[in-house]
There are 2 protein chains.
Amino acid sequence: MVAKKQTLKIDRKVLSSAGLRMTNQRALILDIIRHRHLDADEVYRQARDKQPRLSLSTVYRTLRRLKELDLVDELHFGEAHHHYEVKPPAEHHHLVCLGCGKIVEFECSLCPQMKKEIAHRKGFEVARVEVQMTGYCSKCRQGRE
Amino acid sequence: MVAKKQTLKIDRKVLSSAGLRMTNQRALILDIIRHRHLDADEVYRQARDKQPRLSLSTVYRTLRRLKELDLVDELHFGEAHHHYEVKPPAEHHHLVCLGCGKIVEFECSLCPQMKKEIAHRKGFEVARVEVQMTGYCSKCRQGRE
DNA sequence: ATGGCTGCAAAAGTTTTGCACTTCT
DNA sequence: AGAAGTGCAAAACTTTTGCAGCCAT
């Protein structure tokens with residue numbers, strides 16, 4: 001996994017430039033939420049397979065810090081707790097299946113235009129746009145007819 | 001307040017057709033979140049001014065039930081707990097100021113097109129689109145220069 | 001009258017914090 | 001060495017639940 005080593009190096013640099021350190025725990029947690037959308041407890045359970053002594057508070061602290069550094073995104077689905085993913089190279093949004101819980105990412109070509117329009121209309125400086133769609137995926141639709 | 005009596009009547013009908021009742025507590029809670037975006041605790045505190053014996057669990061139960069009936073919308077801002085508003089006549093979205101916390105509603109003319117496009121591209125039946133923007137309102141921008 | 005609703009208290013679930021010890025740089 | 005990070009336990013906060021009595025229909 002050359003790619004994994006490479007991203008680790010980059011992440012280490014980001015941490016370091018904020019006076020923070022790269023630890024085994026942080027590397028593991030970053031690895032687990034890369035390309036996934038998990039909540040703190042799911043991260044915790046997966047992480048314990050590899051580092052049995054890891055604590056849940058470390059997971060929370062780590063996720064919070066990584067989010068402050070903009071290394072991870074915090075997502076707000078309908079569940080009263082947060083989900084996390086490593087910040088993706090391109091801005092994307094989420095489509096959640098109400099049947100099976102599957103999460104699909106999509107890019108939104110209309111968003112920049114929408115953002116500009118709303119910013120102008122409301123006098124805001126818009127920092128971020130988050131679009132979330134919910135519905136049923138093709139598999140779950142079959143079961144509902 | 002003729003209008004208030006009118007909406008009460010309508011809400012009562014919705015409840016009734018689901019075999020549920022309109023109580024003082026429910027009327028008050030509906031009244032409080034009409035045109036506002038509050039979390040359960042804020043609703044609770046405001047409601048106690050008028051009904052001191054009201055309990056927080058009733059607030060939670062009520063909000064949940066009203067949401068199931070589609071009378072209120074549950075919003076997911078970045079705060080690990082839910083906010084609620086009475087379901088508005090037209091679908092709208094939210095712009096949150098990171099400076100003062102103000103919430104501004106906006107309508108999105110591009111959304112139907114976006115919804116159709118994503119639904120087609122991903123094979124989903126999309127039930128709902130939620131757009132959330134964050135940024136700084138005109139007042140808060142001045143303080144940040 | 002009767003089935004839904006409420007208040008209260010207790011439990012369950014999520015996130016944060018204090019502190020002594022460990023680890024990264 | 002020194003500052004940052006971790007594990008553990010306890011606290012704080014959010015939401016749900018069980019139950020006895022109350023109230024809308």
Side-chain angles (χ1 to χ4, degrees), chain A residues 8-9 11-30 32-33 37-69 71-72 74-84, chain B residues 8-9 11-30 32-33 37-69 71-72 74-84:
Chain A
L8 183 67
K9 212 167 172 180
D11 293 341
R12 182 190 297 274
K13 204 175 233 171
V14 176
L15 285 167
S16 167
S17 70
L20 302 180
R21 296 168 188 169
M22 175 58 79
T23 61
N24 293 332
Q25 291 87 333
R26 290 183 177 168
L28 176 59
I29 289 172
L30 274 166
I32 287 174
I33 59 173
H37 313 82
L38 303 176
D39 62 34
D41 198 60
E42 289 164 339
V43 173
Y44 176 59
R45 285 204 298 264
Q46 292 199 22
R48 284 187 69 128
D49 292 345
K50 301 213 169 177
Q51 294 187 17
R53 299 207 44 203
L54 181 104
S55 76
L56 184 55
S57 29
T58 294
V59 173
Y60 275 108
R61 273 187 293 231
T62 299
L63 290 172
R64 201 195 330 161
R65 238 154 247 176
L66 295 177
K67 175 191 152 203
E68 285 160 9
L69 295 177
L71 277 174
V72 318
E74 193 179 71
L75 308 172
H76 317 111
F77 299 148
E79 295 188 32
H81 61 258
H82 300 148
H83 287 238
Y84 298 86
Chain B
L8 183 66
K9 211 167 171 181
D11 293 342
R12 182 189 299 274
K13 204 174 236 172
V14 175
L15 284 167
S16 167
S17 70
L20 303 179
R21 294 167 187 171
M22 174 60 77
T23 62
N24 293 333
Q25 290 88 333
R26 289 181 177 169
L28 176 58
I29 290 172
L30 275 166
I32 286 175
I33 58 172
H37 313 82
L38 303 175
D39 62 35
D41 197 61
E42 288 163 340
V43 172
Y44 176 58
R45 285 203 299 263
Q46 292 199 22
R48 286 188 66 131
D49 292 345
K50 302 213 167 176
Q51 293 187 17
R53 298 205 45 203
L54 181 105
S55 76
L56 184 54
S57 27
T58 294
V59 174
Y60 275 107
R61 274 188 292 230
T62 299
L63 291 173
R64 203 198 325 163
R65 238 154 248 177
L66 295 177
K67 176 190 149 201
E68 285 161 10
L69 294 177
L71 277 175
V72 318
E74 191 179 71
L75 308 172
H76 316 112
F77 298 150
E79 295 188 32
H81 59 258
H82 300 148
H83 287 238
Y84 298 86

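Each chain gets a letter, A, B and so on, in the order the sequences are listed, and its residues count up from 1.
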Measure the spacing between CG of A:Asn24 and CG of A:Leu54 and express it to the nearest 0.5 Å. 10.5 Å
Among D:dT16, C:dT15, D:dG5, the one nearest any side-chain atom of A:His82 is C:dT15
Which nucleotide in the set D:dT25, C:dT16, C:dT15 lies at the smallest distance from any side-chain heavy atom of A:Arg64? C:dT16
Rounded to the Å, how far apart are B:His76 NE2 and D:dT15 C1'? 14 Å
Measure OH/A:Tyr60 against C1'/D:dT14 and give the value in whole Å, please. 12 Å
Of the listed D:dG7, D:dT15, D:dT25, the closest approach to the A:Ser55 side chain comes from D:dG7
Please work out if A:Ser57 contacts a base, only the sugar-phosphate, or nothing of the nucleic acid, heavy-atom cut-off 4.0 Å. base
Nearest whole angstrom, please: distance from the P of D:dT6 to the CG of A:Leu15. 10 Å
Under 3.5 Å donor-acceptor pair, A:Arg53 side-chain atoms to D:dG7 base atoms: no
What does B:Leu56 touch in the nucleic acid at a heavy-atom separation under 4.0 angstrom: a base, only the sugar-phosphate, or nothing? base
In terms of ring plane angle, is the pair B:His83 and B:His81 parallel, tilted or perpendicular, where the classes change at 30° and 60°? parallel
Under the 3.5 angstrom rule, does the side chain of B:Gln46 hit a backbone N or O of B:Leu38 as a donor-acceptor pair? no
Specify the separation, in whole Å, of atom CG of A:Leu28 and atom P of D:dG5. 17 Å
Report the residue (B:Thr23 or A:Arg21) whose heavy-atom-nearest nucleotide on DNA chain D is the more 5′ of the two. A:Arg21
If you assign each of B:Arg12 and B:Asp41 to its closest nucleotide in DNA chain D, which residue comes earlier from the 5' end? B:Asp41
If you compare every side-chain N and O of A:Gln25 against the phosphate oxygens of D:dG7 (OP1, OP2), does one of them come in below 4.0 Å? yes
Distance, rounded to the nearest Å, where A:His81 contributes NE2 and C:dT14 contributes C1': 9 Å
Just the rounded figure in Å: distance from P of C:dT23 to CG of A:Leu20. 19 Å
What integer distance in Å separates A:Glu42:CD from C:dT14:P? 10 Å
Nearest 0.5 Å, please: how far is CG in A:Leu15 from CG in A:Asp11? 7.0 Å
Return no unless some side-chain N or O of B:Arg65 is found under 4.0 Å from OP1 or OP2 of C:dC5. yes
Can you check the B:Leu63 CG to D:dT14 P distance for me, whole Å? 14 Å
On a plain distance test, is the side chain of A:Arg61 in donor-acceptor contact with the base of D:dG7 below 3.5 Å? yes
To the closest 0.5 Å, what do you measure between CG (A:Leu20) and OG1 (A:Thr62)? 10.5 Å
